[in-house]
Number of protein chains: 2
Amino acid sequence: MTSTLGFAILAVLARGERTGYDIAAAMRRPIAYFWTAGHSQIHAELQKLLAAELVGYEARQGPGPQGKKVYHVTPEGSLALRAWVTEPPRERPERDELVLKTYASWLADPDLIRQMFTDQLAVHEARLAEYEREGELIGEPPGFGDPRFGNYAALRCGLGYERHRAEWCRWMISQLSARLNPSWELAKPSES
Amino acid sequence: MTSTLGFAILAVLARGERTGYDIAAAMRRPIAYFWTAGHSQIHAELQKLLAAELVGYEARQGPGPQGKKVYHVTPEGSLALRAWVTEPPRERPERDELVLKTYASWLADPDLIRQMFTDQLAVHEARLAEYEREGELIGEPPGFGDPRFGNYAALRCGLGYERHRAEWCRWMISQLSARLNPSWELAKPSES
DNA sequence: AATCTCATGTAAGCTGTTACATGATTTA
DNA sequence: TAAATCATGTAACAGCTTACATGAGATT
């Protein structure tokens with residue numbers, strides 16, 4: 001009934017009360033490395049969660065025309081979240097534009113494709129470095145019951161994903177270089 | 001202007017003329033491992049591509065109330081596709097329900113989570129085995145200009161992705177087992 | 001005769017993005 | 001006093017899913 005976004009919000013609120021603005025700020029860059037949402041989406045969803053009584057709020061004075069609302073998870077919300085967590089994830093179809101481009105890459109200029117993958121590799125290497133820094137901040141694996149276990153486990157997935165991506169980019173670049181410069185192989189006398 | 005789906009369709013048609021039904025059949029299970037679409041979406045998009053003169057069709061007699069339409073890429077369509085391929089991919093935000101669940105997993109019963117990851121691991125291992133079989137069918141790397149290069153490169157991405165996923169699942173399961181059974185470590189006298 | 005596959009389309013609804021709209025509080 | 005940040009919402013649109021609708025040809 002409640003959408004995945006609703007549970008994403010509950011997952012954030014389960015770590016402590018927040019305003020809609022706070023949640024939106026957290027989800028602007030992906031929460032758990034793999035979920036984003038805009039503020040307009042979040043305010044709308046909070047109203048649905050409120051109607052379903054999975055969250056409540058306390059009005060406080062603050063900036064803005066309407067003051068601010070500090071949201072928290074209700075006992076029902078906590079139950080719903082707990083139940084959702086262990087339900088098998090409904091798989092939403094993967095859609096990846098870069099792989100689609102790759103599928104059609106045989107039509108295009110290999111030089112331009114190599115450039116595209118070089119750029120892409122830089123993105124993944126930068127993210128990888130960032131994730132590794134975040135990993136060092138967490139330090140040793142937190143235990144269950146500790147919210148930071150969630151962060152840590154999600155980070156692990158992010159690290160693996162970026163490594164896989166970077167590796168694929170490097171493979172593509174090597175393929176493209178090898179084909180573009182067949183002389184490269186001959187210029188190196190060390191290879192069999 | 002044309003949507004990504006439009007280019008996905010062009011990428012399929014670039015390999016040979018197809019009916020809308022054929023394209024839908026191909027995209028029901030992900031094309032290039034990372035793009036899906038339903039038939040209703042495809043018929044609608046084909047009409048847009050037709051209006052933009054990126055594809056054309058030949059009406060032929062066949063089953064169904066309206067006969068069948070065999071689509072092909074026009075020269076303009078081919079140019080548009082070629083140009084799109086090397087444009088930097090606009091990154092659509094990653095959304096992954098399993099990682100989101102993981103982020104909230106500290107709230108739930110570790111036993112149930114371990115089960116969820118065991119199931120998930122089986123899915124990835126099955127896909128991995130399937131992809132490996134497909135890789136053997138392709139044989140040695142096709143060269144540029146060969147449409148099969150696209151398939152091969154996309155398959156490489158799929159393989160890497162499934163391996164990364166399977167590895168992460170295994171890591172999660174090991175984390176959960178270690179925490180659930182602290183006696184496990186003590187029962188094995190070989191470890192330091 | 002019934003069922004499956006081939007074949008094309010429309011409509012309703014949900015999710016997500018972008019733009020519009022307002023205004024108080026804090027900082028430079 | 002000007003700008004950035006905090007704060008909440010609405011509206012229009014694009015993309016995708018699900019259900020509805022029809023019917024010919026091939027197979028069982």
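Please read all numbers here as calculations on a predicted model, not as lab measurements. Every chain is numbered from 1, with letters handed out A, B, ... down the list of sequences.
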Most 5' of A:Ser3 and A:Gly64 on DNA chain C, judged by nearest nucleotide: A:Ser3
How many whole angstroms separate atom CD of A:Glu45 from atom P of D:dT10? 14 Å
Stretch residues 4-14 of chain A: residues that reach within less than 4.0 Å of DNA chain C through a heavy atom: none
Between C:dT8 atom P and B:Leu46 atom CG, what is the distance in whole Å? 9 Å
In whole angstrom, what separates B:His39's NE2 from D:dG23's C1'? 14 Å
Under 4.0 Å between a side-chain N/O of A:Lys68 and OP1 or OP2 of C:dT25, yes or no? no
Side chain to side chain, A:Val85 and B:Trp106, heavy atoms closer than 4.5 Å: no
For the pair B:Phe117 and B:Trp168, name the ring-plane relationship: parallel under 30°, tilted 30 to 60°, perpendicular over 60°. perpendicular
Using a cut-off of less than 4.0 Å, is there contact between a side-chain N or O of A:Gln41 and OP1 or OP2 of C:dT17? yes
Check the distance between C:dA7's C1' and B:Lys69's NZ and give it to me in whole angstrom. 11 Å
Would one find a side-chain N or O of A:Arg18 under 4.0 angstrom from OP1 or OP2 of D:dA7? no
Stems formed with participation of DNA chain C [Watson-Crick or G-U wobble, under 3.5 Å, three or more pairs]: C:1-28 with D:1-28
Less than 6.0 Å separating the ring centroids of A:Phe34 and B:Tyr103? no
By the salt bridge (Lys or Arg N to Asp or Glu O under 4.0 Å) test, which pairs, at least two apart or in different chains, include something from residues 131-143 of chain B? B:Glu132-B:Arg163
Name the closest nucleotide to the A:Ser40 side chain, picking from D:dC16, C:dT17, D:dA7. C:dT17
Out of D:dT8, D:dT10, C:dT10, which nucleotide sits closest to the side chain of B:Gln47? C:dT10
Among D:dA24, D:dG9, C:dT8, the nucleotide that comes nearest once only the side chain of B:Pro63 is considered: D:dA24
Nearest whole angstrom, please: distance from the P of C:dA7 to the CD of B:Glu17. 12 Å
Taking the nucleotide of DNA chain C with the nearest heavy atom to each, does A:Gly62 or A:Met1 sit closer to the 5' end? A:Met1
To the nearest 0.5 angstrom, please state how far the CZ atom of A:Arg127 sits from the OH atom of A:Tyr33. 12.0 Å
Looking at B:Thr19 and C:dT8, is any side-chain donor or acceptor paired with a base atom of the opposite kind under 3.5 Å? no
Would you find a donor on one side and an acceptor on the other, under 3.5 Å apart, between the side chain of A:Lys68 and the backbone of A:Glu58? no
Rounded off to whole Å, could you give me the NZ-to-P distance for the B:Lys48 and C:dG9 pair? 14 Å
Parallel, tilted or perpendicular: which one describes the rings of B:Phe149 and B:Tyr152, with boundaries at 30° and 60°? tilted
Quickly work out the B:Trp35 CH2 to D:dC16 C1' distance and round it to whole Å. 11 Å
Distance check needed: C:dG16 P versus A:His43 NE2, whole Å only. 16 Å
Is the number of heavy atoms from other residues, nucleotides or ligands within 6.0 Å of CZ (B:Arg92) greater than 12? yes
Examine D:dC6: is either OP1 or OP2 under 4.0 Å from a nitrogen or oxygen in the side chain of A:Tyr21? Give yes or no. yes
Within the structure shown, what part of the strands sits under 4.0 Å from A:Arg60 by heavy-atom distance: base, sugar-phosphate, or nothing? nothing
What does B:Arg90 touch in the nucleic acid at a heavy-atom separation under 4.0 angstrom: a base, only the sugar-phosphate, or nothing? nothing
Check whether more than 12 heavy atoms from other residues, nucleotides or ligands sit under 6.0 Å from atom CD of B:Glu76, and answer yes or no. yes
Which nucleotide, C:dT17, D:dC16, C:dG9, lies nearest any side-chain atom of B:Pro93? C:dT17
Charged N to carboxylate O under 4.0 angstrom, A:Arg165 versus A:Asp96? yes
Between A:Thr36 and B:Pro93, is there a donor-acceptor pair closer than 3.5 Å when you use the side chain of the first and the backbone of the second? no
Any A:Gln66 side-chain N or O less than 4.0 Å from OP1/OP2 of D:dA7: no
Counting only side-chain N and O atoms of B:Arg95, is one of them less than 4.0 Å from OP1 or OP2 of C:dT17? yes
